[in-house]
Amino acid sequence: MKMISAIIKPFKLDEVREALSQIGVQGITVTEVKGFGRQKGHTELYRGAEYVVDFLPKVKVEAAVSDEVLDQALEAIENAARTGKIGDGKVFVYDLEQVVRIRTGETGKDAL
């Protein structure tokens, strides 16, 4: 089992959710986050004053998947989130040692 954590542009969320749903990923967690990478933020003009926006709004999408679905899920996220421009985001994959469904007590792959 793996945990996928993807940091993407907010307007790509629906496309990523739909792509994961089509390959059978049943649940995701979405968090609004802020950060920067190579973009390093940008400057904006507000009421005549220029200011620096250091942290850019992003969305963090997390999904627990079985090992069999991992490659499909990564491909789905990459294709759905890609704009080809700087700031498209990153995908991280972690080993997931244990999963427990609280309602039923199911563990492991059955809990996904």
Asker: Quick one: list whatever passes salt bridge (Lys or Arg N to Asp or Glu O under 4.0 Å) with D95, sequence neighbours left out.
Answerer: K2
Asker: Under 3.5 Å, sequence neighbours excluded: what are the donor-acceptor pairs made by side chains of residues 104-112?
Answerer:
unit_1 : atom_1 : unit_2 : atom_2 : d
T104   : OG1    : E106   : N      : 3.3
T104   : OG1    : E106   : OE1    : 2.9
E106   : OE1    : R101   : NH1    : 2.5
K109   : NZ     : E68    : OE1    : 2.9

Asker: Sequence neighbours excluded, which residues qualify as side-chain hydrogen bond (donor to acceptor under 3.5 Å, both in side chains) partners of T83?
Answerer: D88
Asker: Other than L13, what residues sit in its cluster of Ile, Leu, Val, Met, Phe, Trp and Tyr side chains whose heavy atoms are under 4.5 Å apart, directly or through others?
Answerer: I4, I8, V16, L20, I23, V25, I28, V30, V59, V61, V65, V69, L70, L74, I77, V91, V93
Asker: Would the number of heavy atoms belonging to other residues, nucleotides or ligands and lying under 6.0 Å from CD of E97 be above 12?
Answerer: no
Asker: Output all residues satisfying salt bridge (Lys or Arg N to Asp or Glu O under 4.0 Å) with E62, sequence neighbours left out; order by chain, then residue number.
Answerer: K60
Asker: Per the salt bridge (Lys or Arg N to Asp or Glu O under 4.0 Å) rule, what does the pair list look like for residues 14-35, sequence neighbours excluded?
Answerer: K12-E15
Asker: Between K9 and I86, which heavy-atom pair has the shortest distance, and what is it?
Answerer: NZ-O, 3.5 Å
Asker: Would you name the heavy atoms of G27 and A63 that are closest together and state the gap between them?
Answerer: O-CB, 3.9 Å
Asker: To the nearest 0.5 Å, tell me how far E75 CD sits from E78 CD.
Answerer: 7.5 Å
Asker: Quick one: does V33's side chain get under 4.5 Å of F55's, heavy atoms only?
Answerer: no
